[in-house]
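This structure is a prediction, so every number in the text was calculated from the model and none was measured. Quick note: numbers below take in every heavy atom, side chains included, and nothing from hydrogens, waters or symmetry partners. Along the sequence shown, residues are numbered consecutively beginning with 1.
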Amino acid sequence: MAALAVAGGLLCPAAAFAQSVGSLDIVHINDIHGNYAVDYENEADGTEMTINAFSALKQTIDEVDPAFALDAGDTFHGNSFATVNKGTSIAELLETAGVDATTPGNHDWSYGSEQLDSIDAAFDFSILAANVVDAEMGEQLFDDPYLLREVALEDEGGDPTSTTVTVGVFGVIDEEFYTSTPAKNVEGLRFEDAAETADDMAAELRAQGADIVVCLSHSADPQELAEQTSGIDAVVSGHEHISIDDTVTSADGTEVAVVETPSSPAASYFGTIGVLTLDIADDGDGTYSVEDHSEEKIATADPAFADTDPDIAAATDMILEMNAEVLDEPVRTSESDYPYSTGTAPGGWELIRTQDEPIGHLVTGSYLVETGADLAFENAGGIRGGITAGEVTAGDLISISPYGNTLATYKLTGAEIREAIETSLDISKACRDVLALQIEALENGEDPYQYSWPSNSGSVLVVGGAVMRIDWGQPRGSRLVSIEVGGAPLDDARTYTVAINSYLPGSTDEYPMFGDMELVAEWGTCEEALRNLVSQDGWEQKVADVSGSTEYVEMAEDPEPEPTPEPEPTPEPAPTPDLEPSPAPETPAGPSTGEGQGQNAAASGTGSAAHAASLPQTGDGIALVSLLFAAGAVCSGIGAGMAVRRPRRK
């Protein structure tokens with residue numbers, strides 16, 4: 001027995017002598033999409049305030065004094081505050097707040113790789129993406145492959161211990177995101193395998209003396225990334241927009257912490273800040289390891305952050321002043337509302353993915369007026385704002401189309417158009433089913449976010465220029481009851497010109513026909529098309545004239561033809577010499593079942609009562625969808641910790 005005990009001790013000396021020596025913290029954010037302001041409402045008195053989330057971040061960093069402050073991507077693009085100056089406003093606030101490094105998300109390439117590279121060069125924080133390389137030379141795009149830092153560990157009371165460890169951080173981006181941005185944005189680059197690059201970076205950091213290695217990633221499946229790699233202790237991720245606090249076993253048997261903070265719709269954009277605590281053990285053989293971890297989610301919409309940090313306030317004011325000249329410029333006025341998000345009736349991002357909406361007609365109408373195409377497609381995820389009746393500014397239009405996407409016209413056959421729309425309806429039907437479940441959950445007092453939206457919900461097509469009739473009750477491939485283009489039924493054999501934003505040609509997983517489209521012409525940005533339209537006199541009538549309409553119908557499974565009316569008997573004519581008897585009149589055809597034409601959605605203000613009736617209903621559907629938005633606000637206030645795994649949405 002004694003001999004066995006000695007042998008066991010010789011076999012695993014680290015296990016025998018490992019002891020806790022302290023902890024270190026990492027502050028992290030992700031998927032802020034160019035936002036900086038969050039709203040807080042005091043439930044006690046109903047007062048509201050706007051809080052600068054970067055101030056909350058800086059105050060958290062100052063208080064926690066972390067080993068690193070990290071951002072996991074989709075940072076510089078998405079809100080007009082950021083897009084008006086191509087992300088430099090957000091970069092300024094990241095630097096002022098004390099962020100050490102960021103990794104690019106798929107939307108951060110929207111200004112092109114040169115702009116992202118210039119941000120990396122101009123600011124103190126590092127952009128880490130080791131697997132983004134020059135396609136010819138194989139050299140990494142960004143200057144720093146990783147960061148390496150000596151960190152003093154803390155005890156349970158937050159006081160420094162006598163132990164220091166070396167911590168290394170590197171970044172990788174999901175290689176599949178190479179096709180999530182227009183090709184011109186990543187021209188000349190290659191996204192190498194993220195897991196293989198992570199292994200190489202971890203090995204290099206270990207060789208440079210790193211005791212603890214952290215992977216910063218923008219990934220569609222950060223748990224899977226962790227499982228495939230070796231030498232990593234933690235993955236700080238973005239892209240999923242949900243709360244992740246997980247532990248997975250890596251390829252070398254290490255238990256790896258995987259964390260992400262929730263973003264819209266699970267919480268407000270920049271609604272939470274994560275604080276990852278890694279508990280460190282001395283293995284007794286000169287190495288250190290992570291023996292446990294904990295994750296705290298801090299809500300930015302908190303009165304504790306009401307007083308804006310002076311440095312953040314000064315930087316924000318300077319940016320707003322610089323942006324105001326462009327954003328506040330009046331373009332024209334609007335007689336109608338084109339909502340994207342409201343708090344009192346259905347009107348959030350869910351609706352543009354589940355039914356026909358006026359804001360979709362405005363966007364696709366601008367494409368049609370700009371290009372003269374037969375049809376226009378916009379992915380629902382590309383629409384991010386709306387406008388209200390009254391003065392319309394450049395900032396309003398940038399907020400609708402904030403991604404810097406460009407416009408082009410392509411050739412598609414009628415058959416390809418029909419197939420694309422049927423595929424879109426299939427995705428939209430799945431979205432409607434989830435929305436119905438979420439509404440029902442709210443009605444029952446349950447967590448609505450137990451039901452996850454399809455990961456491709458943003459790929460629902462908004463169609464302009466067609467008169468369509470849709471039946472949600474029909475099976476896949478048969479929901480498009482009828483479609484007319486240019487006043488005539490869609491001809492499967494004819495070739496049409498379609499105006500499409502620069503994101504959609506890469507969406508070949510959902511729409512393979514987009515991969516072989518013939519380019520007709522390239523135009524300006526989508527925002528420029530909107531501005532060119534809205535700046536014209538009578539622009540709303542132009543939208544109504546070109547954008548088409550959608551009508552929702554319910555067809556019988558096996559419609560019975562209406563009976564043919566009996567013709568009136570023809571009286572016998574009086575005999576006429578040398579004339580043939582008059583023939584009986586032809587039997588008139590009965591009306592065709594289900595035929596008709598919808599009203600123009602943009603002109604008639606669809607999306608209010610008429611279209612609310614087409615939403616999935618459970619009891620009072622409109623009231624319940626209002627509750628859904630209210631629940632989202634509550635989730636934002638508490639850090640939205642109830643969001644569950646897998647509702648990918650980009």
Side-chain angles (χ1 to χ4, degrees), residues 9 11-29 60-70 72 98-101 128 146-171 198-199 201-217 222-223 225-227 229-237 244-261 273-298:
L11 286 172
C12 16
F17 296 103
Q19 59 179 343
S20 300
V21 288
S23 64
L24 61 88
D25 297 316
I26 295 173
V27 172
H28 60 100
I29 60 173
T60 301
I61 292 172
D62 291 345
E63 180 178 349
V64 173
D65 190 22
F68 288 97
L70 305 175
V99 171
D100 295 296
L128 303 178
Y146 53 76
L147 301 180
L148 201 61
R149 180 177 295 174
E150 291 291 322
V151 176
L153 300 182
E154 297 180 347
D155 60 23
E156 292 183 357
D159 296 321
T161 69
S162 59
T163 303
T164 61
V165 296
T166 303
V167 182
V169 176
F170 69 90
D199 281 345
M201 285 293 98
E204 183 171 344
L205 281 166
R206 297 288 182 185
Q208 294 293 326
D211 300 302
I212 305 298
V213 175
V214 177
C215 173
L216 179 63
S217 178
Q223 287 97 328
L225 175 65
E227 290 169 353
T229 57
S230 298
I232 294 171
D233 297 292
V235 174
V236 175
S237 187
I244 299 177
D245 180 6
D246 205 355
T247 303
V248 302
T249 304
S250 69
D252 63 358
T254 301
E255 294 297 298
V256 179
V258 181
V259 294
E260 178 174 331
T261 65
I273 300 167
V275 180
L276 169 64
T277 300
L278 300 178
D279 297 325
I280 309 301
D282 183 340
D283 296 330
D285 59 355
T287 65
Y288 296 88
S289 61
V290 176
E291 61 178 355
D292 200 1
H293 86 274
S294 60
E295 168 78 350
E296 181 183 5
K297 298 289 195 292
I298 298 174

Show the nearest heavy-atom pair for residues Gln223 and Ile244, with the distance to one decimal. NE2-CG2, 3.7 Å
Atom pair CG (Leu147) and CG (Leu128), whose distance is rounded to the nearest 0.5 Å: 5.0 Å
Tell me whether Asp100 contacts the main-chain N or O of Ala69 through its side chain, where contact means a donor paired with an acceptor under 3.5 Å. yes
Spacing of CG belonging to Leu276 relative to OG belonging to Ser294, to within rounding of 0.5 Å: 7.5 Å
Is a donor on one side and an acceptor on the other found under 3.5 Å between the side chain of Arg149 and the backbone of Gly168? no
Side-chain contact test, heavy atoms from C-beta onward, threshold under 4.5 Å: evaluate it for Phe68 versus Val214 and give yes or no. no
Is any side-chain heavy atom of Val290 less than 4.5 Å from a side-chain heavy atom of Ile280? yes
Please determine whether the number of non-hydrogen atoms from other residues, nucleotides or ligands lying under 6.0 Å from atom CD of Glu150 exceeds 12. yes
Flag for Asp25-Thr277: side-chain donor and acceptor within less than 3.5 Å: yes
Show the nearest heavy-atom pair for residues Ala226 and Val256, with the distance to one decimal. CB-CG1, 4.0 Å
Minimum heavy-atom separation for Ala202 and Gly231, please, with both atom names. CB-O, 3.7 Å
For the residue pair Tyr146 and Gln208, establish whether any side-chain heavy-atom pair is separated by less than 4.5 Å. yes
For the pair Asp279 (side chain) and Ser23 (backbone), establish whether a donor and an acceptor sit closer than 3.5 Å, ignoring hydrogens and angles. no
Less than 4.5 Å apart, side chain to side chain, heavy atoms only: is that true for Thr261 and Ile273? no
Taking the side chain as everything from C-beta on, heavy atoms only, tell me whether Val27 gets closer than 4.5 Å to Val275. yes
Should Asp245 and Lys297 count as an ion pair when the cut-off is N to O under 4.0 Å? no
Please report the interatomic distance CG(Asp282) to OG(Ser289), rounded to the nearest 0.5 Å. 8.5 Å
Nearest 0.5 Å please: distance from the CG atom of Leu216 over to the CE atom of Met201. 14.0 Å
With a 4.5 Å limit on heavy-atom distance, are the side chains of Val21 and Thr161 in contact? no
Could you state the interatomic distance from SG (Cys215) to CG (Asp199), rounded to the nearest 0.5 Å? 10.0 Å
With no hydrogens and no angle check, just 3.5 Å: does a side-chain donor-acceptor pair link Ser250 and Glu227? no
Separation between CG (Asp283) and CD (Glu291), nearest 0.5 Å, reads 9.0 Å
Heavy-atom side-chain proximity of Thr254 to Ile232 below 4.5 angstrom: no
Grab the two heavy atoms, one from His293 and one from Asp246, that are nearest each other, plus how far apart they are. CE1-O, 3.6 Å
For a 4.5 angstrom cut-off between non-hydrogen side-chain atoms, does Val165 reach Leu24? yes
